[in-house]
Amino acid sequence: MIERLTFPLAWENAGITDFDAWKRVAREKLFECMSALPPQAPFDLQIVDSEQREGYTVHKIEFNVSAYSRVPAYLAVPQGQGPFPAIVLLHDHGAEFFIGKEKMIRPFNVEESVAERAQEWAAACYGGQFTGDWLAGQGYVVLAVDALFWADRGRQEGVNFYDGQQALAANLFQLGMTWTGIITADDMRSVDLLESLPFVDGQSIGAAGFSMGAHRAWMLAAASDKVAVTAAICWMNTTRGLMTPQNNQLKGGSSFSMLLPGIRNWLDYPHVASIACSRPMLFFNGTQDKLFPVEGVKEAYAVLRRTWQDQQAEEHLVTRLWDLPHTFNVAMQQEVGLFFDRYLKNR
């Protein structure tokens, strides 16, 4: 079955000589596999609480991410007049559903259990640093929104329902939709919200994320040209590379938040990410990361490299293996910050 996957719509295989034409065809197929998306609605943004921090302010906001969902979110805004570059910061999976946006920006005026878990998560996955707070301190507007099933968008029955992911995915399939499609559509609307803010430079919006957040980041960049720069940490591989014994992608559960029915008949993971070529993109993975076998990472990086080379944009692509497990530590965050500085602050 793996052998029959030849990815006929990949840039290398499609036989389309004009890259822009290929992008249109590939993106159309991507949206087809995402299935029906939530209808849009006016944002109706409201600030419900604020906290001043050193050099920036964090707002709790509410807005309509779709006609189906009004969501709370965190918005960090640097001091000054702007307009500022902005980053939609996409939280990870981690089988930790109790917090979502709180993994990215330090929460405030919340239950003690939420604040404690967020601090523990920052220590476990992010070198003890809240990435969103750090980026806001570097002069970026940062938006963090819960993906469907996390934190304030979780189940009424509670958050400790790992198998509930499959139930959610199954119900969405019954309705002609996909969980991954909804996540991507919500992330696209998050970018639209940033673009609408008067203190944001709408031409300088980036996307970044770790683990599932990385998958969300390159999916978002593939789906929307409004994302000028992307950083994806610890989520890139090939289908063949991930279909190894005990890999999470073979177990159901968490994988449903990152699967699109039918897409493998046309495009592999790096082919989808390549729809964002030739915009600047950064991919980091770890050699000790058991979730993403290194050989598959190397194969995916090679696909990405060939695509950016074909478009004479190799200098816009960064791919790097760190001698680390599944993590997004402070050193990695600093390099991502420099990458964003190079391409977002100097546009």
Side-chain angles (χ1 to χ4, degrees), residues 45-66 68-77 87-137 140-165 167-168 179 182-183 186-187 189-190 193-194 208-214 216-217 233-234 253-254 257 326-330 333:
L45 172 67
Q46 295 181 353
I47 297 175
V48 298
D49 202 356
S50 299
E51 182 175 90
Q52 181 64 47
R53 299 180 182 174
E54 187 174 353
Y56 61 99
T57 302
V58 176
H59 302 290
K60 287 183 181 179
I61 65 172
E62 292 180 355
F63 73 100
N64 297 321
V65 74
S66 72
Y68 295 154
S69 300
R70 183 166 180 82
V71 300
Y74 282 118
L75 180 69
V77 182
I87 296 171
V88 57
L89 197 55
L90 306 164
H91 68 73
D92 60 73
H93 187 295
E96 173 52 83
F97 309 110
F98 184 52
I99 53 175
K101 59 189 176 298
E102 298 85 1
K103 299 176 181 181
M104 301 285 86
I105 295 176
R106 179 169 56 83
F108 66 98
N109 293 343
V110 294
E111 294 181 7
E112 185 176 348
S113 58
V114 174
E116 289 179 351
R117 189 60 183 135
Q119 194 66 56
E120 292 168 355
W121 203 256
C125 299
Y126 298 91
Q129 178 168 268
F130 285 93
T131 309
D133 287 83
W134 180 74
L135 286 168
Y140 292 94
V141 173
V142 181
L143 177 63
V145 184
D146 294 323
L148 182 62
F149 203 74
W150 276 265
D152 290 306
R153 301 182 71 186
R155 293 168 54 122
Q156 287 184 324
E157 300 92 332
V159 295
N160 296 317
F161 286 87
Y162 188 85
D163 290 341
Q165 298 175 96
L168 172 60
W179 190 9
I182 289 176
I183 289 174
D186 288 351
D187 291 341
R189 286 300 281 166
S190 296
L193 176 69
L194 284 173
F210 161 66
S211 193
M212 183 191 78
R216 293 169 65 189
I233 314 304
C234 291
S254 301
S257 63
H326 197 66
T327 189
F328 187 18
N329 65 23
V330 171
Q333 292 175 50

Inset, instruction - Without swapping roles, check the side chain of R216 against the backbone of L90 for a donor-acceptor pair under 3.5 Å. - result: no
Inset, instruction - Examine distances only and state if a side-chain atom of S69 and a backbone atom of V71 form a donor-acceptor pair shorter than 3.5 Å. - result: no
Legend entry - Value rounded to 0.5 Å, distance of CZ in R189 from CZ in F63: 8.5 Å
Legend entry - Residue pair L194 / V141, side-chain heavy-atom distance below 4.5 Å: yes
Legend entry - Reported CD-to-NE2 distance for the pair Q52 and H59, which is rounded to 0.5 angstrom: 8.5 Å
Legend entry - Residues K103, E96: salt bridge by 4.0 Å N-O rule: no
Inset, instruction - Examine distances only and state if a side-chain atom of K60 and a backbone atom of P107 form a donor-acceptor pair shorter than 3.5 Å. - result: no
Inset, instruction - Before giving the answer on side chain to side chain donor-acceptor pair (under 3.5 Å), spell out for Y126 and D92 the whole-Å C-alpha distance, their side-chain angles and the decisive distance to 0.1 Å. - result: CA-CA 11 Å; Y126 298 91; D92 60 73; 2.5 Å; yes
Inset, instruction - Taking the side chain as every heavy atom from C-beta outward, state whether V145 and D186 have any atom pair closer than 4.5 Å. - result: no
Inset, instruction - Please answer whether the main-chain N or O of R106 pairs with a side-chain N or O of E102 as donor and acceptor at a distance below 3.5 Å. - result: no
Legend entry - Exam field: side chain Q333 to backbone F328, donor-acceptor pair closer than 3.5 Å: yes
Inset, instruction - Could you label the plane-to-plane angle of the F210 and H326 rings as parallel, tilted or perpendicular, counting under 30° as parallel and over 60° as perpendicular? - result: tilted
Inset, instruction - Side-chain contact test, heavy atoms from C-beta onward, threshold under 4.5 Å: evaluate it for Y74 versus F108 and give yes or no. - result: yes
Legend entry - Q119 CD to E116 CD distance, which is reported to the nearest 0.5 Å: 10.0 Å
Inset, instruction - Could you tell me whether a side-chain N or O of H93 sits under 3.5 Å from a main-chain N or O of S211, the two making a donor and an acceptor? - result: no
Legend entry - E54 CD: over 12 foreign heavy atoms closer than 6.0 Å: no
Legend entry - Main-chain N/O of L148 paired to W179 side chain as donor or acceptor, under 3.5 Å: yes
